[in-house]
Trainee: 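Would you mind keeping the following structure in view while I ask a few things?
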Amino acid sequence: MKGREFLINLCKACNDGKSTAKLHSQILKTGFSHDSFLATKLTSLYSNFSSIEQVQKLFDEMPQRTVYLWNSILRAYSKRKRWKKTWVLFKNMISDEKGEENVPDNYTLSTVLKACAELQLLKHGEILHGFLWKHEKIRLDLFVGSALIEFYSKCGEMSDASKVFNEFEKPDVVLWTSMVSGYEQNGYFEKAIAFFSRMVLEEGVDPDRVTLVSLVSACAKLMNLKLGRSVHGFVVRRGFESELSLVNALLNMYAKTGIVKVAEILFRMIEVKDVVTWSSMIGCYSRNGASVESLNLFNEMINRGCRPNAVTVVSALQACAVACDLDEGRRIHELATKRGFELEVSVSTALIDMYMKCLSPDEAVNVFRKMPGKDVVAWVALLSGYALNGMANKSIGIFKDMLCSGIQPDAVSMVKILASSSELGILHQAECLHGYVTSSGFDNNAFIGASLIELYSKCGSLDYAIKVFEGIIDKDVVLWSAMIAGFGIHGRGEEALKLFHRMVKSSAARPNDVTFVSILSACSHAGLLLQGIEIFHMMVNDYGLHPGSEHYGIVVDLLGRTGELEKAMDIINRMPVPVEPHVWGALLAACRIHHNVEIGEVAAKNLLCLDSNHAGYYILLSNMYSVDGKWGNLAKIRSLIKEKGLKKMIGQSMIEIRNEVHSFVADDKLHPECEKIYELVGQLEVILKLQLQHI
DNA sequence: TTAGGGTTAG
């Protein structure tokens with residue numbers, strides 16, 4: 001048996017494909033090819049160093065198939081994430097006539113359960129679990145236990161995962177971690193944290209780096225920066241800073257909670273970055289509106305030789321969408337095509353979103369057409385994109401097509417569909433969608449409720465909006481804000497104020513920055529100057545909120561409408577946040593109304609510095625000149641518009657006849673064209689809504 | 001021969 005021992009030693013020395021092949025030929029030469037131990041060793045060596053085809057070939061040639069050999073081939077497929085094949089092989093294993101000891105053991109079960117988890121084969125996994133009831137020794141193996149927990153949590157069955165966990169008297173850190181991450185991945189973030197606390201405080205189990213990754217992810221999802229920071233401290237104390245997955249999780253936590261500066265410092269401190277590190281930081285910038293930084297980092301990543309993956313591209317495309325940078329978006333599209341992940345659902349969807357936000361709907365539609373597996377997110381990106389590009393009339397058709405394709409909307413998509421429909425203002429359509437919401441059981445969703453209120457408000461039916469609002473018992477801040485905004489857009493400022501005070505006095509909801517946008521603009525539209533200013537002070541002094549450019553814009557609008565142009569100018573000069581174009585725009589519009597060319601020119605100058613390609617602002621300025629008879633200046637502006645080739649999107653009118661929506665350019669020909677339609681349909685029931693829509 | 005983890009789209 002000397003030769004066998006020699007071969008076994010040779011196995012230990014094998015560290016690449018070449019030496020494995022050499023060993024294989026020696027085994028064949030020395031006549032040990034029937035030795036099941038050597039065969040298994042050889043299979044796992046091939047599994048490590050060669051292609052799966054070679055492993056399979058070797059397996060097929062084996063005269064005897066022991067459970068060890070089966071385990072080796074199952075692992076070879078599982079390691080390569082070939083889950084379907086792993087499952088099929090397992091089925092072959094249990095019905096194999098060549099096998100002598102083909103009863104699956106703990107190794108087999110943990111590998112196959114993983115395949116069931118990845119393939120979401122709940123029933124199959126449950127049968128395997130049933131089989132284990134007769135084999136306690138295997139069932140209580142820690143590896144099988146963690147595989148079972150992972151299987152149940154990937155199938156969304158956390159109560160079953162918990163039952164498995166409770167069977168273990170002394171679960172190890174991996175089992176505890178499997179539960180923590182199971183809860184985290186199924187959206188039970190509080191439970192994940194509670195489970196972690198139990199593990200550490202009650203059971204005295206020392207968390208390792210993997211446990212901490214799941215914990216940090218839960219903190220990020222809950223925006224629990226306090227706990228997250230303390231975990232960061234723990235990571236540093238324990239010397240886990242070199243664990244990239246953990247640092248990436250921390251980076252992501254700061255990114256998600258909007259602490260960009262800290263994320264930036266952490267990012268620069270990471271010496272060896274991987275694609276996840278880069279993608280997280282690029283995504284951090286995109287989500288926080290820093291599109292220039294995001295795209296610069298994307299280029300830096302490529303220059304440093306790190307290959308972007310689909311996730312990186314999605315984040316970079318978001319930055320293009322934020323910046324309206326169509327050229328850069330197209331370049332990234334090309335890159336995605338070259339790298340072969342253009343057709344991945346998330347990439348295609350991000351492309352649709354980018355093209356739509358860069359106002360190039362045709363390119364978005366091209367991407368959508370090419371997509372192989374359109375899911376609800378892709379459909380909704382298209383639908384919202386049309387609304388954004390002033391073609392909300394197409395949205396409802398897309399929604400119908402989506403339902404016909406068997407795609408069911410979720411809560412987020414319902415919100416988007418309602419928002420797109422609100423661009424049209426067709427009451428009949430709103431009622432249909434409301435019916436759909438009710439029949440699909442989305443009634444109690446506060447976000448959907450708020451969208452319905454907005455939709456009915458924009459369709460002119462404030463009564464329906466109030467009905468929806470009063471019908472929801474647990475009113476949260478989103479709902480209150482939506483209703484206040486509803487009163488606001490109807491010019492019913494007093495009622496908006498009344499509702500705001502009711503909210504403050506009689507509800508648990510605390511007004512946030514959005515609520516203040518709603519109430520301030522309600523005051524502005526109704527010309528309630530004093531009340532508006534009072535609300536603004538309340539926001540700062542009573543609620544400690546920091547007004548953004550949007551709030552300042554409304555205050556400027558408020559002062560501007562009532563002719564307080566100097567005061568408005570003063571507010572702008574003292575703004576602690578960057579002045580965005582719309583603030584100067586509000587002042588310029590006010591100057592036009594009140595014929596103040598002097599301040600108007602200051603506003604225009606600043607405005608055009610910030611955004612020199614917005615045709616609307618030039619037109620606003622030229623209108624101001626024409627009202628005041630400054631024809632020379634007017635001519636200059638007009639020629640500047642021509643020179644720059646700027647075009648203002650033309651307003652359109654929509655008319656719905658039966659179930660068809662028709663749009664017209666809103667000029668003098670509008671009415672005759674409408675009449676034509678009337679003639680066309682004769683005595684048929686016409687018109688639900690006629691609305692001038694500025695695109 | 002075996003385990004648990006980090007980035008993305010509406």
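Just so we're on the same page: letters track the sequence lines, and every chain starts at 1. The figures here come from the full heavy-atom set of this structure, side chains too, leaving out hydrogens, waters and symmetry mates.
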Trainee: When we call it a touch if two heavy atoms are under 4.0 Å apart, what does A/Ser413 touch: a base, just sugar-phosphate, or nothing?
Mentor: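 Contact class for A/Ser413: base.
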
Trainee: Need one value for A/Leu142: base, sugar-phosphate or nothing, where a base atom within 4.0 Å counts as base even if backbone is also close, heavy atoms only.
Mentor: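 Base, at least one base atom sits under 4.0 Å.
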
Trainee: Once hydrogens and angles are ignored, does a donor-acceptor distance under 3.5 Å link the base of B/dG4 to the side chain of A/Thr177?
Mentor: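 Counting by modelled atom types and ignoring angles, a donor-acceptor contact under 3.5 Å is found here.
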
Trainee: Is the ring of A/Phe143 stacked on the base of B/dT2, with centres less than 5.5 Å apart and planes under 30° off?
Mentor: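 Yes; centroid distance and tilt both under limits.
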
Trainee: Any base atoms under 4.0 Å from A/Thr211, or only sugar-phosphate, or nothing? Heavy atoms, all strands.
Mentor: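 If one applies the 4.0 Å heavy-atom cut-off, A/Thr211 turns out to touch a base.
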
Trainee: Taking only the side-chain heavy atoms of A/Asp105 (C-beta and beyond), determine which of B/dG5, B/dT1, B/dA3 contains the nearest atom.
Mentor: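 So the side chain of A/Asp105 is nearest to B/dT1.
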
Trainee: The side chain of A/Arg75 lies closest to which of these nucleotides: B/dT2, B/dT8, B/dG5?
Mentor: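 Selected nucleotide (nearest to the side chain): B/dT2.
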
Trainee: Between A/Lys114 and B/dT2, is there a side-chain N or O to OP1/OP2 distance below 4.0 Å?
Mentor: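 So the side chain of A/Lys114 is outside the cut-off, no N or O lying under 4.0 Å from OP1 or OP2 of B/dT2.
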
Trainee: Whole angstrom is fine here: how far is it from CG in A/Leu246 over to C1' in B/dG5?
Mentor: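 One finds 9 Å between C1' of B/dG5 and CG of A/Leu246, rounded.
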
Trainee: Can you figure out which of B/dT1, B/dT8, B/dG10 approaches the side chain of A/Asn252 most closely?
Mentor: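 Selected nucleotide: B/dT8.
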
Trainee: Answer yes or no: is there an ion pair linking A/Lys357 with A/Asp353, defined by an N-O contact shorter than 4.0 Å?
Mentor: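 A/Asp353 and A/Lys357: salt-bridged.
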
Trainee: Which part of the nucleic acid, if any, lies within contact of A/Leu244, taking any heavy atom under 4.0 Å across all strands shown: a base, the sugar-phosphate backbone alone, or nothing?
Mentor: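 Answer is base: heavy atoms of A/Leu244 come under 4.0 Å of a base.
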
Trainee: Using the side-chain heavy atoms of A/Val213, tell me which of these nucleotides is nearest: B/dG5, B/dG4, B/dG10.
Mentor: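 Nucleotide nearest to A/Val213's side chain: B/dG5.
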
Trainee: Measure CG/A/Leu109 against P/B/dT2 and give the value in whole Å, please.
Mentor: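 To the nearest whole Å, that distance equals 16 Å.
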
Trainee: Would you say the ring centroid of A/Phe298 lies under 6.0 angstrom from that of A/Trp278?
Mentor: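 So the answer is no for these two rings.
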
Trainee: Output side-chain donor-acceptor pairs under 3.5 Å for residues 212-221 of chain A, partner residues at least two apart or in another chain, one line each.
Mentor:
residue: A/Ser217; atom: OG; partner: A/Val213; partner atom: O; Å: 3.0
residue: A/Lys221; atom: NZ; partner: A/Glu184; partner atom: OE2; Å: 2.9

Trainee: Are A/Lys57 and A/Asp60 close enough for a salt bridge, meaning some N to O gap below 4.0 Å?
Mentor: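 Looking at A/Asp60 together with A/Lys57, the answer is no, because their closest N to O distance does not fall below 4.0 Å.
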
Trainee: Closest approach to the side chain of A/Val314, judged atom by atom: which nucleotide of B/dT2, B/dA9, B/dG4 is it?
Mentor: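 In terms of side-chain proximity for A/Val314, the closest of B/dT2, B/dA9, B/dG4 is B/dA9.
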
Trainee: Which one, B/dA9, B/dT1, B/dG4, comes nearest to the side chain of A/Val173?
Mentor: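 Within the option list, the nearest is B/dG4.
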
Trainee: Anything under 30° is parallel, anything over 60° is perpendicular, the rest tilted; go ahead and classify A/Tyr254 against A/His232.
Mentor: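 A/Tyr254 vs A/His232 ring planes: tilted.
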
Trainee: Would you indicate what A/Glu344 reaches in the nucleic acid, counting non-hydrogen atoms under 4.0 angstrom: base, sugar-phosphate, or nothing?
Mentor: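 Touches nothing.
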
Trainee: Compare side-chain N and O positions of A/Arg287 against OP1 and OP2 of B/dT7 and report whether any pair is under 4.0 Å apart.
Mentor: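 No, no such contact exists.
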
Trainee: Parallel, tilted or perpendicular for A/Tyr183 and A/Phe195, by the 30°/60° rule?
Mentor: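 Tilted, since the angle between the ring planes falls between 30° and 60°.
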
Trainee: Under a 3.5 Å cutoff, is there a donor and acceptor pairing between the side chains of A/Asn252 and A/Ser280?
Mentor: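 Judged by distance alone, the side chains do not pair up.
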
Trainee: OP1 or OP2 of B/dA9 versus the side-chain N and O atoms of A/Gln318: is any pair under 4.0 Å?
Mentor: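 Answer yes for this pair, as a side-chain N or O of A/Gln318 is under 4.0 Å from OP1 or OP2.
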
Trainee: Is the phosphate of B/dT1 approached by A/Lys79 (side-chain N or O, under 4.0 Å from OP1 or OP2)?
Mentor: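 So the side-chain polar atoms of A/Lys79 never come under 4.0 Å of the phosphate oxygens OP1 or OP2 of B/dT1.
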
Trainee: Using a cut-off of 4.0 Å on non-hydrogen atoms, how would the nucleic acid contact of A/Asp274 be classed: base, sugar-phosphate, or nothing?
Mentor: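 Counting heavy atoms under 4.0 Å across all strands, the contact made by A/Asp274 includes a base.
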
Trainee: Find the distance A/Asp353:CG to B/dT8:P and express it as a whole number of Å.
Mentor: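 Roughly 15 Å, once rounded to whole Å.
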
Trainee: Has the side chain of A/Asp208 got a donor or acceptor atom sitting under 3.5 Å from an opposite partner on the base of B/dG4?
Mentor: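 Counting by modelled atom types and ignoring angles, a donor-acceptor contact under 3.5 Å is found here.
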
Trainee: Please report, rounded to the nearest Å, how far the P atom of B/dA9 is from the CG atom of A/Leu351.
Mentor: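 Taking atom P of B/dA9 as the reference, CG of A/Leu351 is at 14 Å.
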
Trainee: Rounded to whole Å, how long is the line connecting atom CZ of A/Phe240 with atom C1' of B/dG5?
Mentor: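 Rounded to the whole Å, the gap is 13 Å.
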
Trainee: In whole Å, what is the span from the CG atom of A/Asn106 to the P atom of B/dT1?
Mentor: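 Distance, rounded to whole Å: 14 Å.
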
Trainee: Is the ring centre of A/Tyr107 under 5.5 Å from the base ring centre of B/dT1, and are the two planes under 30° apart, so that they stack?
Mentor: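 One would call A/Tyr107 stacked on the B/dT1 base.
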
Trainee: Starting the side chain at C-beta, find the nucleotide from B/dT7, B/dG10, B/dT8 nearest to A/Ser315.
Mentor: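 Selected nucleotide: B/dT8.
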
Trainee: Measure from the side chain of A/Val376, starting at C-beta and using heavy atoms only, and say which of B/dG4, B/dG10, B/dT7 lies closest.
Mentor: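 From the listed options, B/dG10 comes nearest.
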
Trainee: Centres of the A/Trp70 and A/Phe59 rings: under 6.0 Å?
Mentor: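 Ring centres of A/Phe59 and A/Trp70 closer than 6.0 Å.
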
Trainee: Determine the contact category for A/Ser346: base if any of its heavy atoms lies under 4.0 Å from a base atom, sugar-phosphate if only primed atoms, P, OP1 or OP2 are that close, otherwise nothing.
Mentor: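 Base: the residue A/Ser346, judged by heavy atoms under 4.0 Å, touches a nucleobase.
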
Trainee: So does A/Gln185 get a side-chain nitrogen or oxygen closer than 4.0 Å to the phosphate oxygens (OP1/OP2) of B/dG5?
Mentor: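 Result: yes.
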
Trainee: Whole angstrom is fine here: how far is it from CG in A/Leu212 over to P in B/dG5?
Mentor: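 After rounding, the reported distance stands at 14 Å.
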
Trainee: Of the nucleotides B/dA9, B/dG4, B/dG10, which has the atom closest to the A/Ser181 side chain?
Mentor: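 My answer, after comparing the listed nucleotides, is B/dG4.
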
Trainee: Is the closest basic N to carboxylate O distance between A/Glu118 and A/Lys81 below 4.0 Å?
Mentor: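 Looking at A/Glu118 and A/Lys81, the cut-off is not met.
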
Trainee: Does A/Ser279 get its side chain close enough to the base of B/dT7, under 3.5 Å, for a donor-acceptor pair?
Mentor: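 Yes, the side chain and the base share a sub-3.5 Å donor-acceptor pair.
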
Trainee: If you compare every side-chain N and O of A/Lys256 against the phosphate oxygens of B/dT8 (OP1, OP2), does one of them come in below 4.0 Å?
Mentor: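 Yes.
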
Trainee: Looking only at the side chains, is there a donor atom on one of A/Ser146 and A/Ser178 sitting less than 3.5 Å from an acceptor on the other?
Mentor: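 Their side chains do not contain a donor-acceptor pair, so the 3.5 Å distance test is not met.
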
Trainee: Between residues 144-162 of chain A and DNA chain B, which residues have a heavy-atom gap below 4.0 Å?
Mentor: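 Within this stretch, A/Ser146, A/Glu150 sit under 4.0 Å of the strand.
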
Trainee: Once hydrogens and angles are ignored, does a donor-acceptor distance under 3.5 Å link the base of B/dG5 to the side chain of A/Glu243?
Mentor: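 Under the 3.5 Å cut-off, the side chain and the base do form a donor-acceptor pair.
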
Trainee: Nearest-Å distance, CH2 (A/Trp379) to P (B/dG10)?
Mentor: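 It works out to 18 Å between those atoms.
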
